[in-house]
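Below is one structure, written out as structure tokens; comments come after it.
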Amino acid sequence: MTISQVRVRFAPSPTGWLHIGGLRTALYNYLFARRNGGTFVLRIEDTDQKRYVEGAEADILESLRWAGLEADEGPGSNGGYGPYRQSERSELYRRYAAQLVESGHAYYAFDTQEEIEAAREAVGETFKYDAITRNKMKNSLTLSEAEVQLRLSSGEPYVIRLMVPVGDTVAFEDMVRGKVRFEASEIDDQVLMKSDGLPTYHLANVVDDHEMGITHVIRGEEWLPSAPKHMLLYRAFGWTPPVMAHLPLIMSPAGGKLSKRKAEEQGIMVNVRDYIQNHYEAQALVNFLAFLGWNPGDERELFTLEELCEVFELDRVSKSGAVFNNDKLSWYNAHYLRARNPEELLPAARAELAKHGMEAGDDAFLAGAIGLLLERIETLAQLPEAGAFFFKAPEQYDEKAVKKAWKADTADLINTYLAEISGLGGAAFEAAALKAALMAVIEKAGVGMGKLMLPVRLAVTGVGGGPDLFQTMQLLGREEVLGRIGSAVQKLAD
RNA sequence: GCCGCGUUCGUCUAGGGGCCUAGGACGCCGCCCUUUCACGGCGGUAGCACGGGUUCGAAUCCCGUACGCGGUACCA
């Protein structure tokens, strides 16, 4: 038997912005496909019109594209298995649901939601629409055939439910968890077709995975309890089920699934678009996410997407949930950020500065500032704060730095230096000359470097730390620097 | 409640009977480098949930307990 072409799918529901967990699921699918020379399919599961969010699909597409995970097949890029939106495949589900009814694996049910609610209240939370209760409900198993036909033809709302076999056991091999087993008696008669004529996830998912030739289903662990229902469906249709792989959940540092609310409480951004808008490095997010539940088995931590494609293995995915660690993400981001050319970062930097109402200056100036700042920021969002002095003169001076740097004899020293560098005009106002001037002044005064260096930094930047002082001064330019030192002397002289 | 899944440093994890005095990474702390802040380098801190087995030997295998998480919809 030849190994069939690997086909995997990422099947998000367009009910909101793409979640970080969704991106990881997409990533693992993508990596598995690439690693095995397979196909990565994107399928939009929009069968719940009540939860449909306008723009969500576009966000999913945009987020995947940003991360470099574009699908081989999906809406807009037909690969012969389309359409890839479930809302456009309704006819298919109807047909297959009818087939199941005919073969005796499913039945019509006319119970209203209120009636089910009532039954639930009568028995308590434990109520299940299953092998023992279905005989007491209003469905094609309890009603006469004529009655059923009458209700159907009169347009009475109905659902189609899966008839879960009695006393059966469903077991399957999960690629990350090993053997998993469930008793059929624990499974209730899933609704397959809703009264609005659309399928539920369970039916649509199974039908599409089969129709689209999906060989491996790689999805989050929250689907594990649904897997036996799907297995039952494959069995009812007489189809070979795909290989299952349920990924560990991404958890909040506070515990529990990383939901929007929990994430926000922990200062974690959950939507991919947040990372895009805050100008994170896509490569960093991808690398970080890849390691949330997987590792290559050696001690390397840094992988580009291409490198991940070469080493990713599903059997190295761990079983337990992984806590989202913002610090580690920042570390990855800092790493990839430093590898960038300042020129490439110009637009993103401008956007971040604009958020703070800062003027970025011309390209050459901004690129210079980015170059000096890159090593001391972890994300571009930190640029405005870390480099504020490049974009506006200090209005106040860091108190601790003042205390440390500004002494009784500072004004004299700094004025001497000021006079010295005033003489440097045009191109002569550059780092090496500025440094030489400072060395000359301290030597003549017989003091240490810090005596003058610190005050000058304070005067020019307003803070006690930052990039190389002389390069900073050169970039800022003569007029600006002389002005800043002058006003600092005025403001800080007692 | 019931069903399922899980449990190695604070976090991500390596490990799959002797290589483990449990390795790496992030974080944290210290030192070095340095005009400052970073980067970088070096070093340190800290962990096999618990109880029973099996075995000459268990982080590794088995059972139980505890705890955590997920699911339990005409949502995905």
Side-chain angles (χ1 to χ4, degrees), chain A residues 11-15 45-48 50-51 86 109 111-113 116-117 120 124-129 157-161 174 176-178 180-183 185-188 190-202 204-205 219-228 246 248-249 251 253 255-257 288 291-302 316 318-332 334 338 372-378 386 401 404-405 435 438-439 442 448-454 456-458 461 463-470:
Chain A
S13 184
T15 53
E45 308 224 325
D46 53 349
T47 54
D48 184 357
K50 288 189 283 298
R51 292 208 304 155
Q86 292 186 328
D111 318 272
T112 63
Q113 302 207 37
I116 291 174
E117 205 42 57
R120 187 160 285 144
E125 278 303 305
T126 56
F127 174 81
K128 279 201 323 245
Y129 203 121
Y158 67 91
V159 300
I160 294 178
R161 284 183 184 269
D174 186 282
V176 343
R177 269 148 232 289
V180 181
R181 63 189 320 137
F182 294 83
E183 295 305 321
S185 59
E186 296 296 335
I187 303 167
D188 51 4
Q190 286 307 301
V191 169
L192 266 19
M193 290 296 290
K194 299 180 281 188
S195 56
D196 63 4
L198 292 176
T200 57
Y201 169 84
H202 304 293
N205 171 263
R219 75 231 298 190
E221 194 190 349
E222 70 267 32
W223 294 112
L224 191 53
S226 298
H246 289 91
L249 259 21
M251 319 283 280
K257 192 157 74 160
F288 170 71
F291 274 72
L292 229 43
W294 171 88
N295 75 84
D298 54 35
E299 286 171 355
R300 293 174 298 165
E301 303 260 345
L302 269 5
R316 292 205 60 83
S318 45
K319 298 175 171 69
S320 48
V323 174
F324 189 101
N325 183 344
N326 243 339
D327 284 335
K328 186 107 179 214
L329 207 211
S330 292
W331 176 75
Y332 273 116
R338 278 178 223 126
L372 291 175
L373 258 11
L374 218 46
E375 262 183 7
R376 47 215 94 214
I377 57 173
E378 293 174 313
K404 190 177 168 198
K435 183 171 188 179
L438 185 132
M439 298 310 277
I442 61 164
M449 197 175 260
K451 268 302 219 184
L452 181 52
M453 176 93 58
L454 258 38
V456 174
R457 175 180 291 284
L458 186 64
T461 69
V463 291
D468 182 272
L469 178 58
F470 305 106

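Below, all heavy atoms of this structure are taken into account, side chains as well, without hydrogens, waters or symmetry copies. Note that the structure is a prediction, hence the values are computed from the model and not measured. Here is how names work: the chains are called A, B, and so on, in the same order as the sequence lines, proteins then strands, and each is numbered from 1.
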Mind calculating the distance between [atom1] ([X]) and [atom2] ([N]) to the nearest angstrom?
X	N	atom1	atom2	result
A:E378	B:C26	CD	P	12 Å
A:D327	B:U11	CG	C1'	9 Å
A:R300	B:C12	CZ	C1'	17 Å
A:F291	B:U11	CZ	C1'	15 Å
A:K328	B:C9	NZ	P	15 Å
A:N325	B:C9	CG	C1'	13 Å
A:L292	B:A25	CG	P	18 Å
A:E299	B:A25	CD	P	7 Å

Please name the nucleotide paired to [N] by Watson-Crick or G-U wobble geometry with both distances under 3.5 Å, or report none.
N	result
B:G70	B:C3
B:G16	none
B:G43	B:C29
B:G57	none
B:U65	B:A49
B:C37	none

Hey, does [Y] have a side-chain heavy atom less than 4.5 Å from the side chain of [X]?
X	Y	result
A:H246	A:R219	yes
A:Y332	A:E301	yes
A:P199	A:Q86	no
A:K194	A:P157	no
A:E186	A:K128	yes

Out of B:G4, B:G15, B:U7, which nucleotide sits closest to the side chain of A:F182?
->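 Out of B:G4, B:G15, B:U7, the nucleotide with an atom closest to A:F182's side chain is B:G4.
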
Which part of the nucleic acid, if any, lies within reach of [X] when heavy atoms closer than 4.0 Å are counted: base, sugar-phosphate only, or nothing?
X	value
A:G450	nothing
A:R177	sugar-phosphate
A:R219	nothing
A:N295	sugar-phosphate
A:G220	nothing

Using the [atom1] atom on both, measure [N] against [M] and round to a whole Å.
N	M	atom1	answer
B:A38	B:A76	C1'	46 Å
B:C29	B:U34	P	23 Å
B:U13	B:U7	P	10 Å
B:G15	B:C56	P	28 Å
B:A14	B:A49	P	14 Å
B:G70	B:C74	C1'	22 Å
B:C3	B:C20	P	42 Å
B:G52	B:A66	C1'	14 Å

Rounded to the nearest 0.5 Å, what separation is found between the CD atom of A:E375 and the CG atom of A:D468?
->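 Separation between the atoms: 11.5 Å.
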
Distance in Å, A:M453 CE paired with A:M439 CE, rounded so as to fall on 0.5 Å steps |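 Rounded to the nearest 0.5 Å, the CE-CE separation comes to 7.5 Å.
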
Can you name the nearest heavy-atom pair linking A:Y201 to A:T47, along with the distance?
->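 So the two residues come closest at N-OG1, 4.5 Å.
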
Can you check whether [Y]'s main-chain N or O pairs, donor with acceptor, with [X]'s side chain at less than 3.5 Å?
X	Y	value
A:S318	A:G293	yes
A:R316	A:W294	no
A:T200	A:V191	yes

Ranking A:Y332 and A:K404 by the position along RNA chain B of their nearest nucleotide, the one closer to 5' is A:Y332

Quick tally for nucleotides 38-51 of chain B: nucleotides whose base has a protein heavy atom under 4.0 Å get B, sugar-phosphate-only ones S, the rest -, giving BSS-----------

How does protein contact run along nucleotides 69-76 of chain B, one letter per nucleotide 5' to 3', with B for base contact, S for sugar-phosphate only, - for none, heavy atoms under 4.0 Å?
-> SSS-SBBB

Do the rings of A:F324 and A:F288 sit parallel, tilted or perpendicular, given the 30° and 60° boundaries?
-> perpendicular

